[in-house]
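So the structure is just underneath, and the comments pick up after that.
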Amino acid sequence: MRIWLIALLLVAATAVAEAAELSGQLSSLVLRSDDSAGRTGISDLGRLSLKLEGAAGAFSWQIRYEHEILWGALVRDPAFAALAARPDPTWLDLSATIGHSASLFWRHALYRGWLQYESESLRLTAGRQRIAWGSGRIWNPTDRFNPVQPTALEPDRKTGVDALDMQWRYGYAGSLELVAAPGAAASGVQRKLAGRWQDTFGQFDIALMLGGIGQERVFGLDWTGNLGDAGVRLEWLQSDGGGFPGWGQLAAGVDYT
């Protein structure tokens, strides 16, 4: 019911919008894989995504509502029922199962749903959104709000985070950003609070982040720019481990054509 209620409120908001747009996408991902019992089979993941977005003055909003249908070998995997029962790693539970049979699993979810206010120097965004931090091509150590494995079949798919994002732009390229996201023990979601400063100096973009992810205290550096005809990038994250031994992650790369 929460999914339908949020969808109804945002659709109603477009009635007073200066501009509203509805778009959609239908995709299919065919997989050949081995299940937990060692059996090889074919599966298909079909996804219908509908995006509604609008604006009125300094305000804008977006809702992205999706249906996913998975059928085939993956659904017949003995381990699938336990995986399907796991809640999404989000603060709000905005997904629900419509149907589940021996070979088919059908669910719907709110993939994105946010409201944004933006002026010349200030931007406030509340709701389910993507917090895109980091400049790495394949892997982003400082992306602690929407992390994704480098081996993911759909690396552009980001679950999103239910958060309040505030960004203050104090110059042409300089900004300060603060993001607060509540936690939910039932979903295994940690409370996250982090700030990020970024600016441009000559040929280089530099960003520093500091925050708390659950019991962790993290510090990050993101550095990218040009050296001659090559593009260089370095991203580093250091954590105190939240009571465990500290650890760090580093990603570096050079692009040259």
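Sequence positions, counted from 1, serve as the residue numbers for this chain.
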message = Evaluate E118 against R123 for salt bridge (charged side-chain N to carboxylate O under 4.0 Å, His left out), listing each step before the verdict.
response = CA-CA 4 Å; E118 186 167 11; R123 187 188 68 193; 5.5 Å; no
So, does [X] use its side chain to make a donor-acceptor pair with the main chain of [Y] at under 3.5 Å?
{"X": "E53", "Y": "L22", "result": "no"}
{"X": "D77", "Y": "A79", "result": "yes"}
{"X": "T97", "Y": "G99", "result": "no"}
{"X": "D165", "Y": "T125", "result": "no"}

Are [X] and [Y] packed together at the side-chain level, in the sense that at least one heavy-atom pair is separated by less than 4.5 angstrom?
{"X": "R128", "Y": "R64", "value": "no"}
{"X": "F105", "Y": "F80", "value": "yes"}
{"X": "P78", "Y": "S36", "value": "yes"}
{"X": "Q249", "Y": "Q238", "value": "no"}
{"X": "L110", "Y": "I63", "value": "yes"}
{"X": "S28", "Y": "D44", "value": "yes"}
{"X": "W71", "Y": "S101", "value": "no"}
{"X": "L122", "Y": "M166", "value": "yes"}

task = May I ask you to decide if the ring planes of H67 and H108 are parallel, tilted or perpendicular, using 30° and 60° as cut-offs?
result = tilted
Can you tell me how far [atom2] of [Y] sits from [atom1] of [X], rounded to the nearest 0.5 angstrom?
{"X": "S23", "Y": "L50", "atom1": "OG", "atom2": "CG", "value": "8.5 Å"}
{"X": "Q25", "Y": "S49", "atom1": "CD", "atom2": "OG", "value": "6.5 Å"}
{"X": "S95", "Y": "D88", "atom1": "OG", "atom2": "CG", "value": "4.0 Å"}
{"X": "F59", "Y": "L124", "atom1": "CZ", "atom2": "CG", "value": "9.0 Å"}
{"X": "L52", "Y": "R112", "atom1": "CG", "atom2": "CZ", "value": "15.5 Å"}

Listed once per pair and sorted, the salt bridge (Lys or Arg N to Asp or Glu O under 4.0 Å) pairs that draw on [range], sequence neighbours left out:
{"range": "residues 232-251", "answer": "R233-D255"}
{"range": "residues 179-204", "answer": "R196-D222"}
{"range": "residues 206-216", "answer": "R144-E216"}
{"range": "residues 22-35", "answer": "D35-R39"}

ask   = Do other residues, nucleotides or ligands put more than 12 heavy atoms under 6.0 Å from the CH2 atom of W106?
value =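 Not more than 12 within 6.0 Å, no.
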inquiry  = One pair to check against side chain to side chain contact (heavy atoms under 4.5 Å, CB included): H100 and V75. What are the steps and the verdict?
reply    = CA-CA 9 Å; H100 189 183; V75 183; 4.0 Å; yes
Between [X] and [Y], which heavy-atom pair has the shortest distance, and what is it?
{"X": "P182", "Y": "W91", "answer": "CG-CD2, 3.3 Å"}
{"X": "P87", "Y": "A186", "answer": "CG-O, 3.7 Å"}
{"X": "W61", "Y": "A56", "answer": "CH2-CB, 4.1 Å"}

Starting from [Y], can I reach [X] by hopping between I/L/V/M/F/W/Y residues whose side chains sit under 4.5 Å apart?
{"X": "Y111", "Y": "L70", "result": "no"}
{"X": "F201", "Y": "L234", "result": "yes"}
{"X": "W197", "Y": "L210", "result": "yes"}
{"X": "L48", "Y": "I98", "result": "no"}

remark   = Residues pairing under ring pair (Phe, Tyr, Trp, His ring centres under 6.0 Å) where one sits in residues 208-233, two or more places apart or in two chains, turn out to be F204-W223, F219-W236
Residues in side chain to side chain contact (heavy atoms under 4.5 Å, CB included) contact with [X], at least two apart in sequence or another chain:
{"X": "A180", "value": "L193"}
{"X": "W168", "value": "S121, Y170, L176"}
{"X": "S33", "value": "L74"}

request  = May I ask you to list the residues sharing a hydrophobic cluster with V179, side-chain cutoff 4.5 Å, ordered by chain and number?
outcome  =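 Hydrophobic cluster check, V179: joined to I131, W133, F145, V161, M209, I213, V218, L237, W247.
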inquiry  = Who clusters with I42? Use side-chain heavy atoms, under 4.5 angstrom, across I, L, V, M, F, W and Y, and order the result by chain and number.
reply    =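 Answer for I42: V30.
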query = Under the salt bridge (Lys or Arg N to Asp or Glu O under 4.0 Å) test, which residues partner R217, sequence neighbours left out?
reply = none
query = Hey, are T224 and D205 close enough side-chain-wise for a donor-acceptor pair under 3.5 Å?
reply =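 No, because no side-chain N or O of D205 sits under 3.5 Å from a partner of the opposite role on T224.
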task = Check whether the side chains of S175 and R169 place a donor and an acceptor atom closer than 3.5 Å, and report yes or no.
result =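 Not at all, the side chains of S175 and R169 share no donor-acceptor pair under 3.5 Å.
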request  = In sequence, state the C-alpha distance, the side-chain angles, and the governing distance for I206 and L221, and then conclude on side chain to side chain contact (heavy atoms under 4.5 Å, CB included).
outcome  = CA-CA 8 Å; I206 299 176; L221 168 67; 4.3 Å; yes
Please list every donor-acceptor pair under 3.5 Å in which a side-chain atom of residues 152-160 meets a protein atom from a residue at least two apart or in another chain.
{"from": "E154", "atom 1": "OE1", "to": "R47", "atom 2": "NH2", "distance (Å)": "3.2"}
{"from": "E154", "atom 1": "OE2", "to": "R47", "atom 2": "NH1", "distance (Å)": "3.0"}
{"from": "R157", "atom 1": "NH1", "to": "E66", "atom 2": "OE1", "distance (Å)": "3.3"}
{"from": "R157", "atom 1": "NH1", "to": "E66", "atom 2": "OE2", "distance (Å)": "2.9"}
{"from": "R157", "atom 1": "NH2", "to": "E66", "atom 2": "OE1", "distance (Å)": "3.0"}
{"from": "K158", "atom 1": "NZ", "to": "D143", "atom 2": "OD2", "distance (Å)": "3.2"}
{"from": "K158", "atom 1": "NZ", "to": "N146", "atom 2": "O", "distance (Å)": "3.4"}

